[in-house]
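Below is one structure, written out as structure tokens; the observations come after it.
Every number for a ligand or one of its atoms is a count from 1 in the order of the listing. Hydrogens, waters and symmetry mates play no part in the numbers below; they use all other heavy atoms, side chains included.
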Amino acid sequence: MTLRHLLPSCLLTMFLVTPGFAQQAADAVEPEEDTGISAFENLTDAAQEALAVKEAGEPVTAEEWMVVAANPLAVEAGADVLANGGTAADAMVAVQAVLGLVEPQSSGLGGGAFLVWYDAASGEMTTLDGRETAPLAASPTLFQDENGERLEFFDAVVGGLSVGTPGTPKLMEDAHRRWGRANWGDLLQPAITLAEDGFAVSPRMAAAVAGDAERLQRFAATAAYFFPDGEPVAEGSILQNPDYADTLRQIAAMGTDAFYTGPIAEDIVATVRNADGNPGVLSTLDLALYNVIERDPVCVAFRVYEVCGMGPPSSGALTVGQILGIIDNFDFDDPEDPNTWRLIGDASRLAFADRGRYMADSDFVPMPTQGLADPAYLEERASLIEGDSVALAEVAPGEPEWDHAQLWGDDVSIELPSTSHISIVDSYGNALSMTTTIENGFGSRLFVRGFLLNNELTDFSFSTHSDGYPIANRVEPGKRPRSSMSPTIVTEDGAPVLVIGSPGGSRIIGYVAKSIIAHLEWGMDVQQAVSMPHLVNRFGTYDVEEGTDAVAFETPLTELGYEVNVRGLNSGLHAIAIGKELSGGADPRREGIAIGD
Ligand code: GLY
């Protein structure tokens with residue numbers, strides 16, 4: 001399955017507003033006969049309409065509320081909650097519960113999430129950290145063999161070793177307790193009904209299962225669910241998940257204590273510890289001790305806006321913020337000018353250098369969070385890329401202001417994309433941005449009680465030291481692995497103007513930064529901004545999205561001194577722009593939609 005098979009033909013028309021790019025886009029991508037949405041034939045009228053609007057490359061508009069997420073069935077569940085007076089937190093619970101069923105490869109009860117909340121009544125922003133934690137029995141050499149060599153990535157991922165204590169159930173409950181109005185159990189009912197009656201397997205899920213057949217069939221419970229009768233679940237087939245319904249029913253009745261203690265917790269631990277060939281160290285104590293942490297949002301100024309998101313243990317807000325804070329020092333009004341992409345690309349490389357050196361769980365390692373976001377520091381970093389120049393030959397971490405004298409080695413962790421993003425605005429004016437994950441597609445591949453367990457611990461560095469210095473993001477018991485997830489809310493004069501986020505591993509940061517720039521700086525509508533082809537630079541190589549007009553930059557960027565890699569860039573951006581009306585954009589690279597009223 002290539003990326004193009006997953007793209008609706010709307011990608012043709014909504015890349016860029018500039019005529020040159022739009023024409024190039026039309027030339028570059030042929031329409032797809034099969035839009036791949038046959039599994040969604042029985043959707044509500046609102047969802048069908050949303051699919052048609054997305055197909056036409058237009059944003060969905062509304063006046064009161066809006067929800068954007070990765071699967072129409074999940075969006076329908078959230079829309080129903082919002083239409084009945086629920087808050088964005090209520091809707092999130094319904095959306096997440098359905099996503100865990102219909103998009104199990106990306107997020108669910110066995111994973112973790114970060115949530116950014118704008119509260120209309122107080123005007124305040126809050127962030128909740130529902131990240132997975134390392135078991136208390138984990139050590140810094142968790143992902144090394146007996147000779148101290150780093151494990152191969154998938155040898156670490158598949159099985160119990162990579163499983164951290166899940167945070168998503170408690171995050172759902174915590175957000176609902178703080179900001180919800182609807183009955184908790186009612187919010188889980190749509191997912192329970194779908195799990196019992198069955199849901200139509202989406203094209204994306206079917207392709208993902210077929211594409212991961214060997215790993216998914218290593219464990220009996222996983223194979224039984226995803227390969228009934230030995231064959232991968234087929235697109236459009238009806239899949240039931242009674243175990244998931246039973247798990248949700250228990251959580252509906254007893255709250256998440258039913259998940260973090262008792263028989264479900266014991267089954268999770270047994271599954272991890274008995275994973276054939278690769279057992280893990282998770283314990284029932286780890287589950288019983290899990291807590292969601294409220295943290296201060298990290299905000300960075302860009303033009304007249306404040307771009308706010310999740311601070312450590314996510315690197316998202318700081319790295320997105322550094323990119324925007326660095327290029328804030330320049331004019332770059334032409335997205336067709338290669339020098340624009342030099343500025344964005346090198347700003348990103350500088351930000352990623354700081355990320356690799358300094359960013360980790362700040363509850364375990366001291367972090368120069370203020371210094372990294374300081375406009376004076378970002379201006380100093382911007383001075384490295386000023387002028388009509390070529391790509392930076394060398395990129396090194398900077399020296400942000402810091403009251404610690406510790407020295408860190410550079411991080412060597414590996415991140416491959418999975419994950420899902422939910423954006424919601426409710427009729428009370430609250431806004432919610434939540435990125436949710438089980439890390440790799442299908443996580444650890446361990447399946448228990450109707451859901452998959454994460455492999456989030458592989459977001460830690462596999463090495464403990466680099467050049468003799470400890471690595472900030474090394475494994476430690478109880479620590480949370482550094483993330484790239486960037487749930488973001490942008491404000492102007494204190495009011496939210498954009499809610500956005502994406503899956504995509506560490507490229508999330510580039511996808512989100514680019515879309516914010518496209519919407520706020522280049523004036524694209526929110527659908528155009530998320531659809532725009534990607535050009536992403538993290539560590540020097542410029543990733544350019546294949547099959548799009550961005551490929552036209554291959555030669556100019558090479559001439560500027562970059563190595564260029566033309567490849568699929570599988571974001572899943574979901575955004576809501578808030579102005580006189582609400583305007584929603586869903587990434588054409590995935591199956592999501594926006595519904596509003
Ligand atoms: N596992 C994806 C992330 O947290 O960035």
Side-chain angles (χ1 to χ4, degrees), residues 70 96 99-100 103-108 110-116 127-134 143 153-154 156-158 161-168 171 208 292-293 295 298 309-321 348 351-352 355-356 359-362 411-422 433-445 452-462 472-473 475 479-488 500-513 536 538-539 569-574 590:
Q96 176 65 78
L99 280 180
E103 198 199 30
Q105 68 273 23
S106 295
S107 77
F114 294 119
L115 185 155
V116 185
T127 63
L128 296 183
D129 168 358
R131 185 71 163 165
E132 299 91 332
T133 57
F143 296 123
F153 183 68
F154 278 107
V157 165
V158 180
L161 203 61
S162 63
V163 180
T165 313
T168 299
L171 179 68
V292 168
I293 303 174
R295 300 186 186 274
V298 167
M310 191 74 221
S314 185
S315 63
L318 270 175
T319 315
V320 169
S348 178
F352 267 88
R355 173 182 177 275
M359 298 184 201
D361 183 347
S362 54
D411 181 69
V412 283
S413 58
I414 306 159
E415 291 171 55
L416 297 178
S418 168
T419 310
S420 203
H421 183 79
I422 304 165
S433 184
M434 173 167 145
T435 312
T436 174
T437 187
I438 55 169
E439 217 300 289
N440 198 244
F442 302 100
S444 64
R445 278 72 174 176
L452 286 158
L453 295 173
N454 69 83
N455 67 295
E456 214 67 53
L457 300 186
T458 60
D459 272 0
F460 281 119
S461 172
F462 284 27
N473 186 37
V475 186
K479 189 176 177 181
R480 299 180 178 205
R482 186 193 61 201
S483 173
S484 300
M485 295 196 289
S486 310
T488 303
I500 191 165
S502 179
S506 58
R507 292 189 184 85
I508 288 172
I509 289 162
Y511 300 149
V512 170
V536 178
R538 298 166 299 164
F539 309 114
L569 290 170
N570 197 6
S571 59
L573 287 149
H574 295 138
R590 298 209 185 200

Practice problem: Enumerate the atoms of ligand 1 whose separation from the nearest heavy atom of M485 is less than 4.0 angstrom. | Solution: 3 (C), 4 (O), 5 (O)
Exercise. Provide the closest heavy-atom pair for A113 versus M434 in the form atom of the first, atom of the second, distance.
Key: CB-CE, 3.9 Å
Quiz prompt | Any residue meeting ring-ring contact (aromatic ring centres under 6.0 Å, His included) with Y511, in chain and number order, not counting sequence neighbours | solution = H534
Practice problem: With heavy atoms of E456 as the reference, note each atom of ligand 1 found under 4.0 Å away. | Solution: 1 (N), 2 (C), 4 (O)
Practice problem: Report the member of G316, S314, P481, S483 with the shortest heavy-atom distance to atom 3 (C) of ligand 1. | Solution: S483
Quiz item: N/O of R482 under 3.5 Å from N/O of ligand 1, yes or no?
Solution: no
Exercise. Would you indicate whether the side-chain heavy atoms of T437 and H421 approach each other to under 4.5 Å?
Key: no
Quiz item: Is the gap between the ring centers of F539 and F352 under 6.0 Å?
Solution: yes
Quiz item: What part of R480, side chain, backbone, both or neither, has a heavy atom within less than 4.0 angstrom of ligand 1?
Solution: neither
Quiz item: Are any of the N/O atoms in T419 less than 3.5 Å from those in ligand 1?
Solution: no
Quiz prompt | Residues which pass side-chain hydrogen bond (donor to acceptor under 3.5 Å, both in side chains) with T436, listed by chain and number, not counting sequence neighbours | solution = Q96
